[in-house]
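The figures that follow rest on heavy atoms only: side chains count, while hydrogens, waters and symmetry mates do not. Because the structure is predicted, anything quoted here is derived from the model rather than measured.
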Protein chains: 2
Amino acid sequence: MWGKHTDMENEKLADLRIDHVPQTLREIAVERMRAAIVSGYFPSGRRLVERNLVEQLGVSRSVIREAIRYLEAEGLVEVLPRSGPVVATLDWERARQIYDIRLRLEAAAAADCARLADDAARGRLAEALRQLEQAFESADPQVLYDATTRFYQEIFTSAGHHVAWDIVHRLNGRISRLRALTLASTDRRVSGQARMRRIAEAILAREPEAAEQAVREHLTEAAHIARQLLEKAEGAKVRDVS
Amino acid sequence: MWGKHTDMENEKLADLRIDHVPQTLREIAVERMRAAIVSGYFPSGRRLVERNLVEQLGVSRSVIREAIRYLEAEGLVEVLPRSGPVVATLDWERARQIYDIRLRLEAAAAADCARLADDAARGRLAEALRQLEQAFESADPQVLYDATTRFYQEIFTSAGHHVAWDIVHRLNGRISRLRALTLASTDRRVSGQARMRRIAEAILAREPEAAEQAVREHLTEAAHIARQLLEKAEGAKVRDVS
DNA sequence: CTGACAATCGTGGTATACCAACATACCATA
DNA sequence: TATGGTATGTTGGTATACCACGATTGTCAG
């Protein structure tokens, strides 16, 4: 909770001022739309008609348009010429690249975290792991998704890799539906939990190489599962409008 | 009657479609503003007053605002609450992280490029190197900057790392003034040229490890120069409010 | 002369209306 | 049936108005 939120909005929450965080309508709109896309409420390829969004979110078109620009730069939305914005689609080739980048950045962050984290950071990481394992017990995929996000966030911020976290966080948004699926897959619930515990244990034991290796195995497996899911889905992509 | 065209343009000419790049006003505005920031015409910390930009660019406020949202998500602009957008500032800590990410992604791209590039890609890389060396002779820093960008772009795209190139490209925007300074520094003109040639040679010789190592040395040196420049500037930052 | 208060102005945020260009679907007529 | 026009919907783009807030400035009382 005091842990950082997404880099974007947290600076406002840090101070304890009572009055009125200047969260603008636009920021709220971006959050809502991002959540709607990430959660799959707006599926891949869905057209985002501005005037519909206006009434769905209850804000003016200016706000919607600016929010779309932001999400467009984030890669969550693509704007087709003369047709308007749609939720970005994801093929395996792009997903593969994203997993590859995540692997490199997360391995580096885990290693640096193992090297640099002080006791306070270690405590937060242990706590994040505890909540993560609790989330594995829970049936709610959203809870699990959020817990893994917080777990990784703790690793990145403890390592001081704020820029990398920002990048990974955005990439995660683009593969969020894949992540939700891989996290939910049954084998994954077992091996994923074991692998993530190994990451945390390596960091807590200050073993950078082991942490790096654990991340590598974890993500390689995740990418493998994602590939199967995605190529299966692409095979039957006639009905992927869902 | 038409005879054969080169592979490149043939497919477009085959059908009679009018390609018609739509390029909206907003896109143009984003490009102009990005160029103004990257080139240093809008220095770090400079306020971007919307109504001024309206008359400077000759477009309406809506366009300006949407362009600012895009650049904000890109990290080139930050919006201060109740004060408006300013050109993002850069301290050494952030720059260090950016150089670190670049190092990892560029090393991976160079290695994959050495492994995967076909003859056509090799030819393009050789050509990019040739133009780069020509640019080193030229006195114009902008020419040199563009040539290095194209050189790296060729490496990333030949390796198929499109997502990574997207990320690196944006990161480069954020450290563009630093890059311009490091490229212009006199020792850099010598060693930088030598190191970049080594990168290209390793790729052309299909030696992934050598390419990776060459990138690593190149970027480590660049970061070192950047640090000196930046910390010197920060030391005298009392007067950078301009 | 100084300090407090108020008027003013500049700025960002938001909402609304309007127009042109384009695409699509539909329909009427030859 | 095929052709051509029409209606509708969506987007991009623009203009304008209003509000809230903060900074500046000017004025007036002490």
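Residue B/Glu55 contributes atom CD, which lies 12 Å from atom P of C/dG10 at whole-angstrom precision. Taking atom CG on A/Leu53 and atom P on D/dG9, their separation rounds to 17 Å, with Å as the unit. Rounded to an integer number of Å, the gap from B/Ile64 CD1 to D/dA15 C1' is 15 Å. One atom, CD1 of A/Ile28, and another, C1' of C/dG13, lie 12 Å apart when rounded to the nearest Å. In this structure, the CZ atom of B/Arg51 is 14 Å from the P atom of D/dC18, given to the nearest Å. Note: CD (A/Glu66) to P (C/dT16) measures 15 Å, nearest angstrom. Note: CG (B/Leu25) to C1' (C/dC19) measures 14 Å, nearest angstrom.
Judged by distance alone, with hydrogens and angles left aside, the side-chain atoms of A/Ser176 form a donor-acceptor pair with the main-chain N or O of A/Val38 at under 3.5 Å. Under a 3.5 Å cut-off, the side chain of A/Arg69 and the backbone N or O of B/Arg26 do not form any donor-acceptor pair.
Residue A/Ser60 has its side chain nearest to C/dT16 when only C/dT16, D/dT10, D/dA15 are considered. Listed nucleotides C/dG12, C/dT16, D/dG12 differ in distance to B/Arg65; the shortest reach to its side chain belongs to C/dG12. Listed candidates were C/dG12, C/dA15, D/dT14. Nearest to the side chain of B/Glu50 is C/dG12.
For C/dG10, the OP1/OP2 oxygens have no side-chain nitrogen or oxygen of B/Arg47 closer than 4.0 Å. A close approach under 4.0 Å does occur between a side-chain nitrogen or oxygen of A/Arg26 and OP1 or OP2 of C/dG13.
The base of D/dG12 sits with one of its N or O atoms less than 3.5 Å from a complementary donor or acceptor on the side chain of A/Arg61.
For B/His161 and B/Trp165, the gap between ring centers reaches or exceeds 6.0 Å.
Mapping A/Leu80 and A/Ser62 onto DNA chain D via the closest heavy atom, the residue that lands nearer the 5' end is A/Leu80. Between B/Val49 and A/Gly58, the one whose closest nucleotide on DNA chain C sits nearer the 5' end is B/Val49.
A/Val54 comes within 4.0 angstrom of nothing in the nucleic acid, heavy atoms only. Residue contacts for B/Leu48: at a heavy-atom cut-off of 4.0 Å it reaches the sugar-phosphate backbone alone, with no base atom in range.
Evaluated for a side chain to side chain contact (heavy atoms under 4.5 Å, CB included) with A/Ile37, the options A/Arg177, A/Arg174, A/Arg46 yield exactly one hit, A/Arg177.
Here B/Arg130 pairs with B/Glu127 in a salt bridge; the nearest charged N to carboxylate O distance falls below 4.0 Å.
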